[in-house]
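Working notes, structure below.
Ligands are counted one by one from 1 in listed order, and the atoms in each one are counted from 1 as well.
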Amino acid sequence: MALWGGRFDGRIDPAFEAFNRSLPFDWQLWREDLAGSRAWARAQVRAGSLTAREGSRLVAALDRLERLLAKDDSMARDAADEDIHGFVEARLVDDVGALGKKLHAGRSRNDQVATDLRLWCKRRVVGLDVKLTRLMTALAELAAREAATAMPGYTHLQRAQIITVGHHALAYVEMLARDRSRLADATCRLDVCPLGSGALAGTFLGIDRRALARDLGFREPSKNSLDAVSDRDFVAELLFVASLSCAHLSRFCEDWIFFASQEAGFLELGDDVTTGSSLMPQKKNPDSLELVRGKGARVIGRLTGFLACLRALPLAYDKDLQEDKEALFEGLATWEACLEVTRLAVASARFDEDACREACGRGYLDATELADALVRRGVPFRDAHEQVGRLVRAAIELDVELSALDIDTLRRIAPAADETIRQDLDIARILKRRTALGAANPRLVQRQAQQWLRALSNKRA
Ligand code: ARG
């Protein structure tokens with residue numbers, strides 16, 4: 001059944017018909033379309049445009065359809081209708097006859113699809129939040145296990161200062177926590193009910209839109225009908241939340257791909273998230289991390305592609321807006337898969353404590369700490385920096401680490417140095433001395449990891 005036709009003599013070209021149809025992807029909105037339709041039937045009863053009996057017959061028929069679809073949604077997926085709204089209406093008419101044709105009074109597919117999609121988003125974000133939480137938990141567990149495992153920290157990909165594996169993991173927990181808060185924020189803004197806005201000008205029925213919004217579980221009704229049917233900010237926002245989160249995941253993968261390389265050798269990924277080479281028998285490749293890094297590009301593509309579509313549109317509804325769904329569905333599904341695969345990689349990883357520690361002993365990662373030790377002996381920081389720079393040069397020439405310089409060399413370049421200064425370069429001491437909030441100190445990292453684990457398990461409960 002076509003939803004329109006009275007005005008037309010000719011038939012739609014099959015090529016354009018296929019081009020125009022959205023059922024191949026918007027069938028996923030069936031739950032939401034049924035919920036919106038039930039609420040609209042009830043709103044019409046309250047407005048006096050349907051009798052109570054008509055309303056309850058429509059609601060019962062929509063419930064019946066819901067039970068059928070819950071068992072097997074292929075009947076929606078494979079149907080010939082133009083979109084999910086046409087599908088639901090046609091099945092309703094099949095079921096209750098002429099009464100089914102009364103439901104669409106005062107409603108348009110324009111306010112209907114905007115409502116469906118917002119309802120879908122509200123349901124979808126719950127699962128995404130769970131996936132974010134699980135990944136954060138896996139990282140916090142790793143941080144708790146490896147709170148004290150010393151490893152090199154980098155800037156410019158050059159060895160910089162000693163940190164711990166746990167500290168590195170918690171950096172990503174912070175990023176993912178911001179992703180969660182952005183997701184919650186976007187969800188709050190999209191929690192607005194467009195139904196009752198009609199095609200663009202507002203419904204002709206005397207609908208109580210506040211009651212309708214409440215019935216559908218929305219925070220409030222939309223305030224301007226033109227805006228309501230054309231607003232897809234929420235699609236762009238969710239795609240941005242996904243894109244930025246994928247950027248975080250990609251940076252994480254970039255770090256770990258290096259950590260897993262033989263050049264670093266800090267960690268080994270499990271067999272469950274790695275693959276071999278068809279030619280080189282020795283290879284164990286971090287494909288999981290590489291694909292998470294690669295797939296983030298798609299999500300960003302969905303965001304920029306959809307923004308490019310949106311920016312050109314005059315008010316109010318334009319068919320271009322039908323492009324919102326594939327962008328949103330694919331973008332969020334890709335993000336979700338990336339979160340899940342990253343979690344598997346984190347759960348499978350084993351850090352090599354000796355390799356991490358050994359790497360801390362090469363590359364003068366303790367130079368800043370030596371300057372700090374001189375400062376504690378009264379040397380102004382700028383002078384200490386200069387002296388340690390010269391000590392590093394001397395050490396490079398002798399091909400030794402700073403802690404291996406003899407006391408005479410130390411004293412010649414840094415007169416404040418004493419016999420005990422080399423003990424200050426002990427890794428455990430270096431880490432312990434950092435006591436400021438947020439620093440790479442095993443005790444602080446452990447405490448933060450435990451705080452995260454408590455907070456995350458409360459959220460899940
Ligand atoms: N399939 C359409 C979409 O996804 C539904 C709205 C159609 N509205 C219209 N006036 N043609 O946007």
Side-chain angles (χ1 to χ4, degrees), residues 1-8 10-37 39-40 69 73 76-92 101 103-124 190 192-204 216 222 225-236 238-239 302 305-333:
M1 183 181 86
L3 295 176
W4 37 270
R7 190 209 179 286
F8 291 81
R11 282 183 52 81
I12 190 168
D13 186 278
F16 171 56
E17 185 180 17
F19 190 70
N20 186 45
R21 286 181 75 225
S22 53
L23 192 63
F25 46 88
D26 73 9
W27 64 268
Q28 293 179 67
L29 298 175
W30 63 264
R31 267 177 217 286
E32 288 72 26
D33 204 70
L34 290 170
S37 295
W40 188 243
L69 286 166
D73 57 25
R77 233 186 280 205
D78 305 338
D81 302 87
E82 180 181 319
D83 57 24
I84 188 62
H85 324 297
F87 168 83
V88 167
E89 203 173 317
R91 296 299 88 73
L92 200 56
K101 299 185 187 174
L103 177 64
H104 205 56
R107 184 176 72 165
S108 159
R109 280 184 294 162
N110 299 352
D111 57 349
Q112 196 179 351
V113 72
T115 306
D116 289 3
L117 198 58
R118 285 172 188 263
L119 285 172
W120 183 90
C121 289
K122 285 179 64 174
R123 188 158 61 85
R124 191 71 175 86
L190 72 79
V192 169
C193 183
L195 201 58
S197 297
L200 74 161
T203 183
F204 56 74
L216 280 168
S222 58
S225 60
L226 284 174
D227 178 48
V229 296
S230 65
D231 173 22
R232 294 294 184 277
D233 289 6
F234 64 101
V235 173
L238 287 179
L239 285 172
R302 286 307 199 173
F306 182 62
L307 281 175
C309 171
L310 202 58
R311 57 171 274 289
L313 301 184
L315 288 182
Y317 178 84
D318 305 276
K319 196 59 173 269
D320 318 42
L321 289 173
Q322 182 165 283
E323 293 291 308
D324 59 0
K325 281 171 281 297
E326 283 164 295
L328 183 65
F329 295 168
E330 204 227 2
L332 296 188

Can you check whether Ser108's main-chain N or O pairs, donor with acceptor, with Asp111's side chain at less than 3.5 Å?
-> yes
Numbered in order shown, the ligand 1 atoms found under 4.0 Å of a heavy atom of Ser22 are 1 (N)
Heavy-atom proximity to atom 5 (C) of ligand 1, best of Leu117, Leu23, Asp318, Asp83 | Asp83
Ligand 1 to Tyr317, heavy atom cutoff 4.0 Å, flagged ligand atoms 2 (C), 3 (C), 6 (C), 7 (C), 8 (N), 9 (C), 10 (N), 12 (O)
Donor-acceptor under 3.5 Å (Ser197 side chain, Gly202 main chain) | no
Just distances here: any N/O of Gln322 and N/O of ligand 1 closer than 3.5 Å?
-> yes
For ligand 1, does Gln112 get within less than 4.0 Å through its side chain, its backbone, both, or neither, judged by non-hydrogen atoms?
-> neither
Under 3.5 Å between some N or O of ligand 1 and some N or O of Arg232?
-> no
Counting each atom of ligand 1 from 1 as listed, which ones have a heavy atom of Asn110 under 4.0 Å away?
-> 8 (N), 9 (C), 10 (N)
May I ask whether Lys325 has any heavy atom positioned less than 4.0 angstrom from an atom of ligand 1?
-> yes
Within a reach of under 6.0 Å around CZ of Phe204, are more than 12 heavy atoms found that belong to other residues, nucleotides or ligands?
-> yes
Closest protein heavy atom (residue, atom, distance) for atom 11 (N) of ligand 1 = Arg109 NH2, 3.6 Å
Ring centre gap for Phe329 and Trp120 strictly below 6.0 Å = yes
Within a reach of under 6.0 Å around CD of Glu323, are more than 12 heavy atoms found that belong to other residues, nucleotides or ligands?
-> no
Is the backbone of Ser22 close enough, under 3.5 Å, to the side chain of Asp83 for a donor and an acceptor to pair up by distance?
-> no
Is any NZ, NE, NH1 or NH2 atom of the basic residue among Arg232 and Asp324 found under 4.0 Å from an Asp or Glu carboxylate oxygen of the other?
-> yes
